[in-house]
Every structure is written in structure tokens, then in C-alpha cells.
A.B. asks: 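Below is one structure. I have some questions about it.
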Amino acid sequence: MNTIEHLSQTRNITREELELLLTTDDRELVEQLRRTAREVADAVYGKRIFIRGLIEISSHCKNDCLYCGLRRSNRSAVRYRLTEEQIYDCCATGYRLGFRTFVMQGGEDGWFTDERMCRIVSTVRRRYPDCAITLSLGERSRESYQALYDAGANRYLLRHETASATHYAQLHPAEMSWQHRMDCLQALKEIGYQVGCGFMVGSPYQTFDTLYEDLQFIRRFEPQMVGIGPFIAAHDTPFADQPNGKVTYTLRLLSIIRLLQPHVLLPATTALGTLHPQGREQGILHGANVVMPNLSPRDHRKDYAIYDNKICTGEEAAECRACTEARFARIGYETVVDRGDYKPNTP
Ligand code: 5AD
Ligand code: FES
């Protein structure tokens with residue numbers, strides 16, 4: 001049994017196998033990894049891609065993550081927040097375009113109190129009973145997560161960023177805590193959300209050891225979704241001069257995660273599309289099965305600048321929707337009008 005068969009059958013990987021699979025230039029082995037991951041994705045989800053309409057509701061953030069262009073110390077970042085009406089308009093447009101999941105994402109912005117956010121979630125819930133509501137609003141209290149869930153939210157995306165507490169401390173200011181991030185993820189799961197965790201590939205100070213911990217964390221936590229994308233340097237941040245993450249590592253990690261967790265929802269991220277013109281298509285061909293086209297109003301898109309040179313900042317929602325469909329049709333995949341729920345493991 002070779003490494004890929006072993007990985008596929010045991011749904012586990014050793015630290016040494018991980019390093020080997022990321023660094024090897026044995027083309028046959030690399031292609032076997034990709035092919036096997038895609039076969040597994042096909043077996044669970046078919047040649048279907050789930051789409052999520054991403055609404056970037058606020059570029060304000062109280063945090064100061066060293067890698068992020070929206071960190072509070074970045075005085076050159078342009079700050080905006082959508083009004084409730086703008087958010088509802090995005091949903092209406094999205095629904096017409098065939099989106100059945102809305103992802104409301106933003107920095108940690110105190111303006112979006114529980115009261116405001118619950119009103120928004122319950123309004124969207126009432127207007128679109130057939131849609132999934134995903135939130136990606138960072139760390140909040142358990143009570144807040146519970147209230148938002150009760151208001152009608154179904155899913156929550158909160159990347160763990162790194163499973164190593166030491167590495168976490170190298171990416172974040174002292175007032176942010178790895179343990180608190182872990183506690184948030186646990187609370188979300190206990191409340192009943194479908195949870196997405198994830199990490200950047202090639203973030204500063206990342207090693208094969210920390211990546212190995214990330215994969216073992218994913219195995220233990222069993223999230224419904226895992227979001228990974230390459231680190232991309234953002235200007236006016238402490239990591240502005242750090243090298244970008246590698247596309248090849250990101251693609252191989254997508255395949256590895258697919259083999260570790262065959263049923264997981266795995267997005268081909270915008271960051272991957274930013275570093276390579278065919279990055280998202282390659283992501284799908286390596287085992288991803290989700291994409292998250294942008295539904296945000298075009299006049300604010302360039303200001304949701306987490307990293308530099310982000311794609312899709314000049315397009316309208318309808319353009320991204322059409323582009324997505326065409327891109328994946330060209331490689332033989334269908335973008336479906338579907339909530340795209342997690343398909344639980346059947347014994
Ligand atoms: N490059 C790539 N991804 C980034 N994120 C934040 N900053 C960057 C960057 N410079 C990711 C983080 C965060 C998500 C919203 O975006 O993982 O959780
Ligand atoms: Fe936005 Fe292609 S997905 S332009």
C-alpha cells in the first residue's frame with residue numbers, strides 16, 4: 001500500500017507523509033493524490049459545486065491580526081458598513097441569481113450588536129425560508145452565538161487560523177487568545193451550528209509541524225466545512241513583506257483534507273483564485289466542492305481588503321455568478337441551485 005492508499009483508507013496522515021506529499025516532485029504521486037481526492041469528492045457530492053453568496057457587511061474590525069489588511073491599526077484601510085437595507089438588497093439579488101446560502105461576513109464590528117444582527121438574521125430567515133444563513137463575524141460570546149442561532153442562522157465560519165497556540169501567538173496580538181478561539185468553535189458546535197474552521201497556507205512561521213497539528217485538529221473537531229487559502233501579503237500590515245503562500249501546497253492540502261474527511265465541504269477560495277488565474281478551477285479538480293462568489297455591492301468591494309490584489313472587486317453580483325458558472329462548466333462541473341448542506345457520514 002503506498003502513501004495515498006494508506007491515507008485514503010486510514011483517513012489519517014503522519015507528519016512525515018505530510019511533508020513528503022507537500023514537497024515531492026514525483027509527478028505520479030502528486031497526480032495520484034489529486035485524482036484520488038477528486039474521486040472521493042465525486043463519490044460523495046458528484047460533479048456538482050455548491051455556491052454561497054458572500055455579503056461583506058463591514059470592513060470595521062476591533063482586532064489587530066498581524067496578517068489582515070482590515071486590522072484596526074491599518075490607518076489606510078477604508079472602512080464601511082452596509083445598512084440593513086443594503087444587506088437585504090444583496091440577498092434579494094442573490095436569491096434571483098440562484099443562491100440558496102447567504103454568507104454574512106465582516107470584521108469584528110461592535111456596530112453589529114446582537115440586537116441588530118438578530119434582526120437582520122430573522123428578517124432574512126422570514127423572507128427566505130428555503131435558504132441557509134451562514135455567519136462569519138469572528139469571536140462573539142456564547143450567548144450571542146445562541147441568540148443568532150435562535151434567530152435563524154444555521155452555519156458559522158470561524159477559521160481556527162492555526163492549531164498551534166505558539167503559532168497563533170505569532171500571528172496575533174497578545175490580547176487575542178488561541179484558547180478563546182477554540183472555545184468559540186466548541187460553543188458554536190454545541191449550539192448546533194454547522195461549523196467551518198480553517199487556516200491560511202504559508203502564513204508566517206507556519207511549519208510542517210503546525211500544518212500537521214492543523215490536520216489532526218480537523219480530524220478531531222470534524223467540522224462541516226474547512227476553508228483554506230494561501231496567505232497573501234497585505235500592504236500596511238506587519239507582514240507586508242512576507243512571501244505569499246504556495247498555490248501547490250494549497251492544492252495538495254485540499255486533496256489531503258478531502259481524503260481525511262471525505263464528506264467535508266471544501267471551498268476553492270478567492271485567495272486561491274487571486275494567486276493563480278485558474279486557482280479556483282484547480283481547487284475543484286483537487287477535491288474542493290464549494291465556491292463563494294461575491295454578492296457585496298460593487299462600490300464597497302475593493303474596501304473589503306483583507307489582502308492585496310483580491311479578485312472580483314470590479315464585478316457586479318450577476319457577473320460573478322455568470323463567471324462562476326462558465327468557469328466550472330468548462331472543466332465539467334455544474335454549479336447548483338441548492339442549499340448545499342453537509343452530507344453526514346453514513347456508516
Ligand atoms: N491572506 C490570506 N488570507 C487572509 N485572511 C486574513 N488575512 C489574510 C491574508 N493576508 C483570512 C483569515 C481569516 C479569513 C477571513 O481570511 O484566515 O480568517
Ligand atoms: Fe467574480 Fe469571476 S467570479 S469575476
Side-chain angles (χ1 to χ4, degrees), residues 1-44 159-171 178-179 181-182 185-186 189 195-231 243 245-269 272 282-289 342 344-345 347:
M1 199 163 32
N2 83 354
T3 309
I4 312 288
E5 288 160 349
H6 186 245
L7 172 52
S8 183
Q9 283 175 25
T10 61
R11 298 184 185 173
N12 202 354
I13 190 166
T14 64
R15 156 77 179 71
E16 288 65 39
E17 287 169 332
L18 172 63
E19 181 166 354
L20 170 78
L21 290 179
L22 292 184
T23 55
T24 184
D25 45 25
D26 176 343
R27 297 181 69 128
E28 238 169 80
L29 186 62
V30 168
E31 176 55 16
Q32 189 196 358
L33 172 63
R34 188 204 66 75
R35 188 178 1 96
T36 310
R38 193 54 248 177
E39 284 167 5
V40 167
D42 280 349
V44 180
R159 289 188 175 180
H160 64 286
E161 310 298 356
T162 170
S164 152
T166 313
H167 186 210
Y168 193 91
Q170 294 171 313
L171 299 178
W178 177 83
Q179 191 57 53
R181 180 64 58 110
M182 289 291 152
L185 284 165
Q186 195 55 42
K189 196 171 200 193
V195 181
C197 66
F199 59 90
M200 295 176 284
V201 177
S203 61
Y205 310 107
Q206 186 174 69
T207 62
F208 293 115
D209 290 315
T210 66
L211 279 172
Y212 174 69
E213 287 184 55
D214 287 323
L215 297 180
Q216 292 303 332
F217 168 71
I218 289 165
R219 290 185 66 240
R220 275 196 309 278
F221 187 63
E222 297 192 310
Q224 280 76 27
M225 185 185 248
V226 177
I228 67 165
F231 162 77
K246 290 190 175 75
V247 171
T248 51
Y249 279 24
T250 308
L251 295 173
R252 291 182 197 184
L253 280 161
L254 283 170
S255 296
I256 292 167
I257 293 167
R258 171 62 66 205
L259 295 180
L260 294 176
Q261 301 273 297
H263 295 251
V264 82
L265 294 161
L266 208 49
T269 54
L272 188 53
Q282 283 302 319
I284 297 299
L285 294 172
H286 283 74
N289 68 326
Y342 177 72
N345 228 331

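The analysis underlying the following values was restricted to heavy atoms, covering all of them including side chains, and did not include hydrogens, waters or symmetry mates.
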A.B. asks: How many angstroms lie between atom CG of Leu7 and atom CG of Asn12, to the nearest 0.5 angstrom?
C.D. replies: 8.5 Å

A.B. asks: Compare all side-chain heavy atoms of Ile284 with those of Arg38 and state whether any distance is below 4.5 angstrom.
C.D. replies: yes

A.B. asks: Rounded to the nearest 0.5 Å, how far does OG1 of Thr36 lie from CD of Glu31?
C.D. replies: 9.0 Å

A.B. asks: Just do the side chain to side chain contact (heavy atoms under 4.5 Å, CB included) check on Leu22 and Leu211 with the steps written out, would you?
C.D. replies: CA-CA 11 Å; Leu22 292 184; Leu211 279 172; 3.9 Å; yes

A.B. asks: Would you say the side chain of Arg258 lies within less than 4.5 Å of the side chain of Asn289, judging by non-hydrogen atoms?
C.D. replies: yes

A.B. asks: Would His167 and Glu213 count as a side-chain hydrogen bond (donor to acceptor under 3.5 Å, both in side chains) if you check the C-alpha gap in whole Å, the side-chain angles of each, and the deciding distance to 0.1 Å?
C.D. replies: CA-CA 11 Å; His167 186 210; Glu213 287 184 55; over 6 Å; no

A.B. asks: How close do Thr3 and Glu17 get, heavy atom to heavy atom, and via which atoms?
C.D. replies: CG2-CG, 3.8 Å

A.B. asks: When you look at Leu272 and Ile228, which way does the side chain to side chain contact (heavy atoms under 4.5 Å, CB included) test go after all the steps?
C.D. replies: CA-CA 9 Å; Leu272 188 53; Ile228 67 165; over 6 Å; no

A.B. asks: Is it true that a side-chain atom of Ser255 and a backbone atom of His286 form a donor plus acceptor pair closer than 3.5 Å?
C.D. replies: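 Yes; at least one donor-acceptor contact below 3.5 Å.
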
A.B. asks: Report the residues that fulfil side chain to side chain contact (heavy atoms under 4.5 Å, CB included) with Phe217, sequence neighbours left out, ordered by chain and then residue number.
C.D. replies: His160, Ala163, Met182, Leu185, Cys197, Arg220, Phe221

A.B. asks: Begin with the C-alpha distance, continue with both residues' side-chain angles, and end with the deciding distance and a verdict on side chain to side chain contact (heavy atoms under 4.5 Å, CB included) for Val195 and Gln224.
C.D. replies: CA-CA 6 Å; Val195 181; Gln224 280 76 27; 4.2 Å; yes

A.B. asks: Could you walk me through whether Asp214 and Thr162 pass the side chain to side chain contact (heavy atoms under 4.5 Å, CB included) check?
C.D. replies: CA-CA 6 Å; Asp214 287 323; Thr162 170; 4.1 Å; yes

A.B. asks: Counting only heavy atoms not in Lys189 (residues, nucleotides, ligands), do more than 12 fall under 6.0 Å from its NZ?
C.D. replies: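 More than 12 within 6.0 Å, yes.
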
A.B. asks: Got Gln170 and Pro204 here, is their nearest side-chain heavy-atom distance under 4.5 Å?
C.D. replies: no

A.B. asks: Do the side chains of Thr210 and Phe199 get nearer than 4.5 Å, heavy atoms only?
C.D. replies: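 Side-chain contact under 4.5 Å: no.
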
A.B. asks: In terms of heavy-atom contacts, does CD of Gln179 have more than 12 from other residues, nucleotides or ligands at under 6.0 Å?
C.D. replies: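 Yes, the 6.0 Å shell around CD holds more than 12 heavy atoms from other groups.
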
A.B. asks: How close do Val44 and His263 get, counting heavy atoms only, and between which atoms?
C.D. replies: CG1-ND1, 3.7 Å

A.B. asks: Go through the structure and list residues passing side-chain hydrogen bond (donor to acceptor under 3.5 Å, both in side chains) with Arg159, not counting sequence neighbours.
C.D. replies: none

A.B. asks: So Ile4 and Leu21, do their side chains get closer than 4.5 Å, heavy atoms only?
C.D. replies: yes

A.B. asks: Does the Glu19 side chain pair with the main chain of Glu16, one donor and one acceptor, at a distance under 3.5 Å?
C.D. replies: no

A.B. asks: Within a strict 4.5 Å, meaning less than it, do heavy atoms of the Leu33 and Arg252 side chains meet?
C.D. replies: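 SC-SC contact between Leu33 and Arg252 confirmed.
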
A.B. asks: Locate the shortest heavy-atom distance separating Pro262 from Val40; write the atom from each residue and the value.
C.D. replies: CB-CG1, 3.6 Å

A.B. asks: Determine the minimum heavy-atom distance between Thr14 and Tyr212, stating which atoms define it.
C.D. replies: C-CE1, 3.7 Å

A.B. asks: Evaluate Gln216 against Arg219 for side-chain hydrogen bond (donor to acceptor under 3.5 Å, both in side chains), listing each step before the verdict.
C.D. replies: CA-CA 5 Å; Gln216 292 303 332; Arg219 290 185 66 240; 2.9 Å; yes

A.B. asks: Tell me, please, which residues at least two apart from Asp209 pass side-chain hydrogen bond (donor to acceptor under 3.5 Å, both in side chains).
C.D. replies: Arg15

A.B. asks: Given side chains that start at C-beta, do those of Arg11 and Leu259 come closer than 4.5 Å, heavy atoms only?
C.D. replies: no

A.B. asks: Using every non-hydrogen atom in the two residues, find where Gly283 and Leu251 come nearest and quote the distance to one decimal.
C.D. replies: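 Smallest heavy-atom distance, with atoms named: N-CD2, 3.6 Å.
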
A.B. asks: To the nearest 0.5 Å, how far apart are CG in Leu171 and CH2 in Trp178?
C.D. replies: 13.5 Å

A.B. asks: In this structure, are over 12 heavy atoms from other groups packed under 6.0 Å from Tyr205 atom OH?
C.D. replies: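 Not more than 12 within 6.0 Å, no.
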
A.B. asks: Report yes if the side chains of Gln261 and Ile218 come closer than 4.5 Å at any heavy-atom pair, otherwise no.
C.D. replies: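 With C-beta onward as the side chain, the pair touches.
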
A.B. asks: When rounded to the nearest 0.5 angstrom, what is the spacing between CG in Leu285 and CG in Leu254?
C.D. replies: 11.0 Å

A.B. asks: Check Met1 against His6 and note the closest heavy-atom contact, atom names and distance.
C.D. replies: CG-N, 3.7 Å

A.B. asks: Hey, what do you get for CG (Leu29) to CD (Gln32), rounding to the nearest 0.5 Å?
C.D. replies: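 Here the rounded value is 6.0 Å.
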
